[in-house]
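Could you have a look at this structure, given as structure tokens, before my questions?
One is the number of the first residue; the rest follow in order along the sequence. Computed from a prediction, not measured in an experiment: that's the story for all the values here. Heavy atoms only: backbone and side chains are in, while hydrogens, waters and symmetry mates are out.
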Amino acid sequence: MFWVLLLSFIGTGAASNLPGYCTLYKGEIEILKRPPRKVEVNLGDTVSLVCAAHGNGMADPYVYWIKGLGPGFEEKGKHMGPVAVGKSTLFIEKVTEEDIDTYRCVVKDCCTNKKEEMDVDVLVPDETCKDVYGVGAVLYGATWEFKNWTAAVQACKDKGLQIAFP
């Protein structure tokens, strides 16, 4: 009986005056779980990053991950896995060199196109300035104190050093 009445109502043209699904609410996106800005991992480690959001006064938004945004964050990147509703987890079982990149969690409402994006750098620890000798940070650089080669060689010998190149 209901279907007959609904079909009769639609057939009259009055249905075109009904508000659509997307006009029924005016809500806001609330981020429930924001991923960290940076994650340091060793090759072979497991990475699991959660990004979650809720729609206040609206349906829960879509959540998905993108990989490889480029140095200026302008590239579109590679879509990582399915689009989820409300929560998405980026999971890398064993990190390889190819996984070291910038990832973006995108939270988007399908009706209003309201969107929030959060970037995460997955990287390996930087050991460039590691204290390998146990004496603290050491900075090496060339100094030019001498006017000629003979004076430079003699200064090294006076300090008990040997010049690095002949």
Legend entry - Those residues that, when tested against Thr46, pass side-chain contact (heavy atoms from CB on, under 4.5 Å) (two or more places apart): Phe91
Inset, instruction - Just jot down the side-chain contact (heavy atoms from CB on, under 4.5 Å) partners of Ile31, sequence neighbours excluded, or say none. - result: Ile29, Arg34, Ala53, Val107, Glu116, Met118
Legend entry - Point-to-point distance, once rounded to the nearest 0.5 Å, from SG of Cys110 to OH of Tyr62: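 These two atoms lie 4.5 Å from each other.
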Inset, instruction - Is it possible for you to say whether Ile66 and Val83 belong to one hydrophobic cluster, with membership spreading through side-chain heavy-atom contacts below 4.5 Å? - result: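 Same cluster: Ile66 reaches Val83 through Ile, Leu, Val, Met, Phe, Trp or Tyr contacts under 4.5 Å.
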Inset, instruction - Would you check if Leu43 and Thr96 make a side-chain contact, meaning some heavy-atom pair closer than 4.5 Å? - result: no
Inset, instruction - Quick one: pull up CG in Leu90 and CE in Met80 and give me the separation to the nearest 0.5 Å. - result: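 Rounded to the nearest 0.5 Å, the CG-CE separation comes out at 5.5 Å.
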Legend entry - Donor-acceptor pair, side chain of Asp101 and main chain of Lys67, under 3.5 angstrom: no
Legend entry - side chain to side chain contact (heavy atoms under 4.5 Å, CB included) evaluation trace for Lys157 with Lys159: CA-CA 5 Å; Lys157 286 180 181 179; Lys159 295 178 184 174; over 6 Å; no
Inset, instruction - Would you kindly confirm whether Tyr103 and Val124 end up in one hydrophobic cluster when ILVMFWY residues are joined by side chain heavy atoms under 4.5 Å apart? - result: yes
Legend entry - Pairing of Lys114 and Glu28 as salt bridge, 4.0 angstrom limit: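 Yes, this pair counts.
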Legend entry - Residues in side-chain contact (heavy atoms from CB on, under 4.5 Å) contact with Val41, at least two apart in sequence or another chain: Val39, Asp45, Val47, Val95, Ile100, Val122
Inset, instruction - Give, for atom CD of Glu30 and atom CG of Asn56, the distance between the pair rounded to the nearest 0.5 Å. - result: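 Between Glu30 CD and Asn56 CG, I get 4.5 Å after rounding to 0.5 Å.
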Legend entry - Shared hydrophobic cluster, Val50 / Val120 (ILVMFWY, side-chain heavy atoms < 4.5 Å): no
Inset, instruction - Rounded to the nearest 0.5 Å, what's the gap from OH on Tyr64 to NE2 on His79? Could you check? - result: 7.0 Å
Legend entry - Ser48 OG to Glu93 CD distance, which is reported to the nearest 0.5 Å: 11.5 Å
Legend entry - Note: Asp119-Arg37 ion pair, threshold 4.0 Å (strictly below): no
Legend entry - Nearest atoms (heavy-atom pairs only) where Ala59 meets Asp109: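 That would be O-OD1, 4.5 Å.
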Inset, instruction - Kindly work out whether a path of hydrophobic side-chain contacts (I/L/V/M/F/W/Y, heavy atoms less than 4.5 Å apart) joins Trp65 to Val106. - result: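 No, Trp65 and Val106 fall in different hydrophobic clusters.
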Inset, instruction - Rounded to the nearest 0.5 Å, what's the gap from NZ on Lys33 to OG1 on Thr89? Could you check? - result: 10.0 Å
Legend entry - Asp60 versus Gly55, closest heavy-atom pair with distance: OD1-N, 3.0 Å
